[in-house]
Amino acid sequence: MLGSWFKKNDGVVVDTHVTRISRRLELTQQEDAPKIEQDLMQIIPRPRWTDFSHEVIWHGRKLCVARSPKCAECALEKLCHAGDKTWSTVEIHMDAKL
Ligand code: SF4
């Protein structure tokens, strides 16, 4: 709210999408939202906190969905080592199934 309306970056929104994607992209190993937020605030520059949250939530709604993420369409695919990828060009994940 503060970030979107008043351009104040007072934290990173951690909803179910941010939780799932942050863990898939190895930005955190935590499961609790407050701990995930702390990890993200350590690695995401403060001016990007609000936009980062919106971008990750959008990514989670459109591509990196909870079940059967659309990895073949994902621009982050080469950087992602998630165990539940559905498609992969990364050598160690070549056995990922469609
Ligand atoms: S490659 Fe797949 S699991 Fe990894 S971020 Fe992209 S959509 Fe999500």
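All values below were derived from every heavy atom in this structure, side-chain atoms included, with hydrogens, water molecules and symmetry-related copies excluded. Note that the structure is predicted; figures quoted are calculated from it, not measured. In listed order, ligands and their atoms are each counted from 1.
The nearest heavy-atom contact from the protein to atom 2 (Fe) of ligand 1 is C71 SG, 2.3 Å. Of the protein's non-hydrogen atoms, C64 SG, 2.4 Å is the one closest to atom 8 (Fe) of ligand 1.
If you chain together hydrophobic residues whose side chains sit under 4.5 Å apart, W58 and V12 never meet in one group.
Residue contacts to atom 6 (Fe) of ligand 1: C74 brings an N, O or S atom closer than 2.8 Å. Counting backbone and side-chain atoms alike, C80 contributes an N/O/S atom closer than 2.8 Å to atom 4 (Fe) of ligand 1.
The two residues A66 and D84 come nearest to each other via the heavy atoms O-OD2, 4.4 Å. Of all heavy-atom pairs spanning T28 and Q30, the tightest one is OG1-N, 3.0 Å. Closest approach of L27 to F52, counting heavy atoms only: CD1-CZ, 4.1 Å. The heavy-atom pair separating T86 from P69 by the smallest distance is OG1-O, 2.5 Å.
Listed by atom number, the atoms of ligand 1 under 4.0 Å from E77 heavy atoms are 1 (S). If you number the atoms of ligand 1 from 1 as listed, the ones under 4.0 Å from a heavy atom of R24 come out as 3 (S).
Closest heavy-atom approach to atom 5 (S) of ligand 1 among the candidates K62, K70, H59: H59.
In this structure, E73 does not count as a contact residue of ligand 1, since none of its heavy atoms falls inside 4.0 Å of the ligand.
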